[in-house]
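Here the structure is laid out as structure tokens; the discussion comes afterwards.
Just the heavy atoms: all of them, side chains too, but no hydrogens, waters or symmetry mates, feed the values below. All figures in this text were calculated on a predicted structure; none of them were measured in a lab. Throughout, numbering of the chain's residues begins at 1 and tracks the sequence.
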Amino acid sequence: MPKTTVTRAEMHRLSQLSPFELKGEFIALAEKYQAGQPAQKGRSTKAMLNAGRGNPNWVATGPREAYFALGAFALTESRRVWTADNLGGMPELHGSAARFDAYAASHPELPGIALLRDCVELATTRFGFDRDAWVHELTDGIIGDNYPVPDRMLVHGEQIVRGYLQEELMDSRPPAGAELDLFATEGGTAAMCYIFDSLMKNGVLKKGDRIALMVPVFTPYIEIPELDTYEFDVVRVEASNFSETGVREWRYPEEEVAKLADPSVRLVCLVNPSNPPSLALSARVTAQIKSIVETSNPGLLIVTDDVYGTFVDGFRTIAAELPRNTVLVYSYSKHYGCTGHRLGVIGLNRDNVIDQQIAALPEAERDRLRKRYGTLTLEPDSIRFIDRLVADSRQVALNHTAGLSLPQQVQMMLFSLFALLPEGKEYKAKVQSVVRQRLDLLLEGSGMRIADDPQRAGYYIELDLLAEAERVGGKAFADYLLATYEPVEPLFRLAEQTGVVLLNGGGFDGPEWSVRVSLANLDDLDYLKIGHHLKEIFADYQEEWRVSVSG
């Protein structure tokens, strides 16, 4: 293959962009490649293969069918109260459960009704719900005729999602005596923004404070701290271990984690399992962080983003080990294929160090906060951080209209209950097998090696191309690539010459020569093709190196 037409200077300039913005350049090149292919029956013979974004190409159909079946029942409840052409009334509480039972029994053919009935019964028995109150929350919620009350999260919904998180993210072993409060948000991205914003608004963090990032990490955790609002002093805890020459382990050495023992480090952010390496935090590192909190840095705040936790069997979040210090972020988007729903949640233990730190602020700071939240209660000192998050999300003044939309909360509940049923466990095993099969095909096509790790989620894979060059061609070959090309050159070459779009791992604070492949958004055999293209690119580089050496 010829070299890419993009100049080295232009590559260097474009590599300053976020990988999600740089991706646009790769897509443009890939589209030109696709357009240049001969057409057969009105379609290009070779399609662009965009493995740059993590939006999965699967959806959970069962809980969606249950949602639509609930909508059909809820409309009968509305029309029962008031019917006039297209005008209905607000669903009635009294007798709602008996009416649901009758509706489900008389509509056995309705798609999703059986699963909906199972979800209703599971929640009733597992959480001890009053059936009328529970069914009414569902029907009124899906109709969406009220503001969210409570604004932080619906009462039954919070208990259901808490149960889901305890089973899926805490391996059914929640910390003894802990009580997790939840705030339903517009996806994990909104959760991230709310957390950073409220920590600053409440004086827990200040501009220029020192924070740590466990890298590689999802790019917003890198880019947000650099904004002029924060300008944090960032310490990077790097996953720099190798299992053997040329094969990265993507694990954190003890000396890297030890950086968190410095009390000047106020906050550490991690994605667990990691993005892009897609590995769950090891028990060794969790134990080391726990020891640091217990001895050297008791005020350390931890923000853990556990969106990929369901892809690792037996996953246990660090929030279960350090509940007082940890803010938990979770999104339903990847597991259920529902990125467009924007379903996320923030979890914070009832007893936590953030509330403790707010209470210990200087009097002038506390007086400022009393004025900020004084319109919400006559005792603003008593407002917990989880509720300050809700108020801050609506600039305090609109707190009375805060909260995630009720239909979204209902879908969140049904996803959660589905996961607790046998059908949901089968679904979980299926999506886990999908990404693992795709990883196997990628490695088969490329011939590359990765460390064997039972804690691998496999939703993404990060491949260190420079390390791979050393493995297959020795240090001299790796040194040639380093001296001759920009780290993003392989990505430009792939896009322009094969129509493959990947993201640069350097944009995630990984090695500059690494690439991120999403294993979620293309068909299985596409990953075999991507692997073959990576292998061809490497063969081209090796040939160029041999020519340069020979003369």
Just wondering, more than 12 heavy atoms not from [X] lying within 6.0 Å of its [atom1]?
X      : atom1 : value
Lys206 : NZ    : yes
Gln395 : CD    : no
Lys425 : NZ    : yes

### Query
Of all residues at least two apart in sequence or in a different chain, which pass the side-chain hydrogen bond (donor to acceptor under 3.5 Å, both in side chains) check with Ser278?
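side-chain hydrogen bond (donor to acceptor under 3.5 Å, both in side chains) list for Ser278, sorted by chain: empty.
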Distance alone, cut at 3.5 Å: any donor-acceptor contact between the side chains of [X] and [Y]?
X      : Y      : result
Arg388 : Ser198 : no
Arg251 : Ser243 : no
Asn352 : Asn349 : no
Glu168 : Thr310 : no
Ser18  : Glu21  : no

### Message
Please evaluate residues Phe196 and Leu267 with respect to the criterion side chain to side chain contact (heavy atoms under 4.5 Å, CB included), reporting the C-alpha separation (whole Å), side-chain torsions for both, the decisive distance (0.1 Å), and the verdict.
### Response
CA-CA 10 Å; Phe196 277 109; Leu267 168 77; 4.1 Å; yes
### Task
Check step by step if side chain to side chain contact (heavy atoms under 4.5 Å, CB included) holds for Glu321 and Val293.
CA-CA 11 Å; Glu321 301 294 339; Val293 168; over 6 Å; no
### Query
Under 6.0 Å between the ring centres of Tyr332 and Tyr164?
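Distance test on ring centres: under 6.0 Å, yes.
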### Message
Once side-chain contact (heavy atoms from CB on, under 4.5 Å) is applied, do any residues pair with Thr125, and if so which ones, sequence neighbours excluded?
### Response
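Scan of Thr125 (side-chain contact (heavy atoms from CB on, under 4.5 Å), adjacent residues dropped) gives none.
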### Query
Charged N to carboxylate O below 4.0 Å: is that the case for Asp453 and Arg456?
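No, Asp453 and Arg456 are not salt-bridged.
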Is the shortest heavy-atom distance from the side chain of [X] to the side chain of [Y] under 4.5 Å?
X      : Y      : answer
Phe26  : Leu502 : no
Met214 : Ile289 : yes
Tyr330 : His335 : yes
Ile211 : Tyr230 : no

### Query
What is the ring orientation for Tyr427 with Tyr336, classed by angle as parallel under 30°, tilted 30 to 60°, or perpendicular over 60°?
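Parallel, since the angle between the ring planes stays under 30°.
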### Query
Parallel under 30°, tilted from 30 to 60°, perpendicular over 60°: which one fits the rings of Trp58 and Phe311?
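Ring orientation, 0 to 90° scale: tilted.
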### Message
So, applying salt bridge (charged side-chain N to carboxylate O under 4.0 Å, His left out) with Arg449, which one of Glu468, Glu470, Glu244 is it?
### Response
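When salt bridge (charged side-chain N to carboxylate O under 4.0 Å, His left out) is applied between Arg449 and each of Glu468, Glu470, Glu244, only Glu244 qualifies.
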### Query
Among Lys428, Arg316, Arg162, Arg126, which residue meets the salt bridge (charged side-chain N to carboxylate O under 4.0 Å, His left out) test with Glu167?
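Going through the options one by one, the only one that passes is Arg126.
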### Task
Examine Arg438 relative to Tyr527 and say whether NZ or CZ is less than 6.0 Å from the centre of the six-membered ring and inside a 45° cone about the ring axis.
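The answer is no, since Arg438 fails at least one limit relative to Tyr527.
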### Task
Could you go through the side chain to side chain contact (heavy atoms under 4.5 Å, CB included) check for Glu379 and Thr377 one step at a time?
CA-CA 5 Å; Glu379 298 179 353; Thr377 175; 4.2 Å; yes
### Task
Output, in order, the C-alpha distance, side-chain angles, deciding distance and verdict of side chain to side chain contact (heavy atoms under 4.5 Å, CB included) for Leu465 and Phe538.
CA-CA 9 Å; Leu465 301 186; Phe538 254 89; 3.8 Å; yes
### Message
Keeping Ser291 on the side-chain end and Gln288 on the backbone end, is there a donor-acceptor pair under 3.5 Å?
### Response
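No, because the side chain of Ser291 does not come within donor-acceptor range (under 3.5 Å) of the backbone of Gln288.
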